[in-house]
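Just so it is clear, the structure is predicted and the values come from calculations on it, not from any experiment. Hydrogens, waters and symmetry mates play no part in the numbers below; they use all other heavy atoms, side chains included.
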Amino acid sequence: MELRHLRYFVAVAEEENVSRAASNLHVSQPGISRQIHDLEDEIGFLLFERVGKSVRLTVAGKIFFVEARDILQRSVDAVKKARACMAPQTEINVGYAPSGTVEILPRALRAFTRSFPEVRVTLHDLSAQDMLPLVLQKNLDIALTLPPYKLPRELGMKELARYEPCLAVGTTHPLAKLKVVSLNRIAFEPVAALNRKDYPHYHKHLGKLFTTIGRKPRIGSEHDSGTSLMAAVAAGHEFTLLPSCVRGVAGQRLKLLKLRPALPQWSIVALWRKDAETGPVRAFIAAAVAKPTKK
């Protein structure tokens with residue numbers, strides 16, 4: 001059985017007329033009739049009932065028609081995807097969570113640019129909630145973010161790094177003189193958080209964290225980005241939770257304190273669509289894989 005047989009069969013089934021199907025396919029009527037007969041001989045059952053100049057699908061033919069049409073469509077899709085992979089990709093769109101990728105992103109950009117100088121990388125500073133649908137809709141080629149609670153089957157995922165959660169305070173905060181702090185010690189302190197609308201997972205994480213000591217977080221302020229979050233903490237009397245990788249960008253304005261008992265490490269992953277895994281996409285993800293964090 002060849003795709004040609006299925007193509008002829010579907011054309012006749014849709015037209016319910018051999019002559020019209022032959023005309024649409026630009027083949028002779030005897031030729032298309034012979035192909036249909038050959039197909040019926042091979043599969044061992046009749047596909048059509050002949051009624052005058054028209055044809056009607058048999059019960060088995062109706063079932064076969066649905067499957068044959070699906071096979072033909074999948075073959076068309078397969079060719080399109082293969083051709084898309086052959087075409088040179090001139091740009092990749094990368095979404096990223098700033099606070100979690102301060103070490104990963106610069107290294108990835110340097111390594112990728114050396115290997116693919118002709119491919120432009122367009123960066124998008126986004127929340128984890130925004131990135132997932134944009135990857136699914138193919139508006140982003142890659143997302144560098146926290147792992148989703150449930151990974152859609154269309155997506156591939158690769159862990160890039162793990163970081164220890166730290167308590168971040170400004171240099172004038174009463175806790176700034178400490179090196180280690182417990183959750184009970186900060187239970188009544190105001191928390192600077194990312195805004196609930198764009199970062200609902202952040203608030204769920206805070207809620208679960210404080211539940212372990214029988215408390216609720218006391219939200220002092222909410223911010224729309226990691227940059228504004230750190231600025232607020234540096235300027236005021238609030239604390240926040242940040243991954244240890246921000247130590248380099250926080251500089252002298254923030255003190256990062258270890259939490260005891262230690263919290264589970266935060267994972268940063270790359271997400272991408274499996275059906276859009278081009279050479280540049282694979283290369284960027286490979287460049288983003290972090291070396292083990294030094295203890």
Side-chain angles (χ1 to χ4, degrees), residues 1-18 20-28 31-45 47-48 55-95 112 116 118-122 124 126 130-145 147-148 150-158 269-286 288:
M1 185 187 307
E2 300 177 6
L3 286 178
R4 181 181 68 255
H5 293 115
L6 299 182
R7 196 172 293 113
Y8 289 174
F9 161 68
V10 168
V12 173
E14 289 175 341
E15 291 292 340
E16 295 187 339
N17 183 281
V18 176
R20 285 198 299 269
S23 177
N24 292 340
L25 293 171
H26 305 290
V27 296
S28 67
I32 199 169
S33 296
R34 185 169 58 254
Q35 295 293 338
I36 296 296
H37 285 304
D38 290 345
L39 178 58
E40 289 176 327
D41 287 342
E42 182 174 349
I43 61 180
F45 55 83
L47 295 168
F48 295 105
V55 292
R56 298 287 186 275
L57 287 168
T58 62
V59 173
K62 290 178 181 179
I63 297 172
F64 191 78
F65 170 67
V66 173
E67 299 299 326
R69 188 170 53 182
D70 186 51
I71 290 170
L72 290 175
Q73 184 58 52
R74 289 205 303 271
S75 69
V76 170
D77 292 342
V79 172
K80 288 181 179 179
K81 290 176 182 178
R83 283 177 176 165
C85 290
M86 293 173 63
Q89 189 171 4
T90 59
E91 179 184 23
I92 58 172
N93 286 275
V94 178
F112 180 80
F116 290 85
E118 74 284 358
V119 179
R120 181 172 66 253
V121 179
T122 301
H124 305 268
L126 298 164
D130 290 334
M131 276 189 264
L132 188 60
L134 289 174
V135 175
L136 289 169
Q137 296 161 13
K138 298 186 179 181
N139 292 317
L140 285 179
D141 297 294
I142 305 167
L144 308 180
T145 182
K150 184 178 181 181
L151 181 68
R153 63 180 182 178
E154 300 96 328
L155 300 188
M157 182 173 74
K158 172 112 179 136
V269 302
L271 301 175
W272 69 95
R273 282 192 65 97
K274 295 176 183 176
D275 63 358
E277 189 179 329
T278 62
V281 167
R282 288 193 298 272
F284 191 92
I285 294 167

Salt bridge (charged side-chain N to carboxylate O under 4.0 Å, His left out) assessment of Glu154 paired with Arg273: CA-CA 6 Å; Glu154 300 96 328; Arg273 282 192 65 97; 5.2 Å; no

Candidate pair Leu271 and Leu151, rule side-chain contact (heavy atoms from CB on, under 4.5 Å), full reasoning: CA-CA 9 Å; Leu271 301 175; Leu151 181 68; 3.9 Å; yes

side-chain contact (heavy atoms from CB on, under 4.5 Å) between Asp141 and Phe284, intermediate numbers included: CA-CA 10 Å; Asp141 297 294; Phe284 191 92; over 6 Å; no

Candidate pair Asp38 and His5, rule side-chain hydrogen bond (donor to acceptor under 3.5 Å, both in side chains), full reasoning: CA-CA 8 Å; Asp38 290 345; His5 293 115; 5.0 Å; no

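Considering all non-hydrogen atoms of both residues, Pro280 and Phe116 come closest at CG-CE2, 4.1 Å. Contact record, Phe9 with Leu57: CE1-CD2, 3.7 Å, taken as the closest heavy-atom pair. Closest of all the heavy-atom pairs between Ala11 and Leu25 is CB-CD1, 3.7 Å. Counting all heavy atoms, side chain and backbone alike, Met131 lies closest to Ala143 at SD-CB, 3.7 Å. Listed here is the closest heavy atom pair of Pro148 and Met157: CD-SD, 4.0 Å.
Glu40 contributes a side-chain N or O that, together with a main-chain N or O of Leu47, makes up a donor-acceptor pair within less than 3.5 Å.
No side-chain donor-acceptor contact under 3.5 Å links Asn17 and Glu15.
Taking OG1 from Thr90 and CD from Glu118, the interatomic distance works out to 9.5 Å, rounded to the nearest 0.5 Å. Rounding to the nearest 0.5 Å places CD of Gln35 at 11.0 Å from CZ of Arg7. From Ile285, atom CD1 reaches atom CZ of Phe112 across 10.5 Å, with rounding to the nearest 0.5 Å. One distance of note links CG of Asn93 with CG of Leu134; it measures 9.5 Å at 0.5 Å rounding. To the nearest 0.5 Å, the span separating NE2 on His26 from CD1 on Ile32 amounts to 11.5 Å. In this structure, Lys158 NZ and Leu144 CG are separated by 13.5 Å, a value rounded to the nearest 0.5 Å.
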Taking distance alone, no hydrogens or angles, what donor-acceptor pairs closer than 3.5 Å link side-chain atoms of residues 59-74 to residues at least two apart or in another chain?
| from | atom 1 | to | atom 2 | distance (Å) |
| --- | --- | --- | --- | --- |
| Asp70 | OD2 | Arg74 | NH1 | 2.1 |
| Gln73 | NE2 | Asp77 | OD1 | 3.0 |

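Between Val27 and Tyr8, the closest side-chain pair of non-hydrogen atoms falls below 4.5 Å.
Trp272 pairs with exactly one of Leu140, Leu155, Val281 by the side-chain contact (heavy atoms from CB on, under 4.5 Å) rule, that one being Val281.
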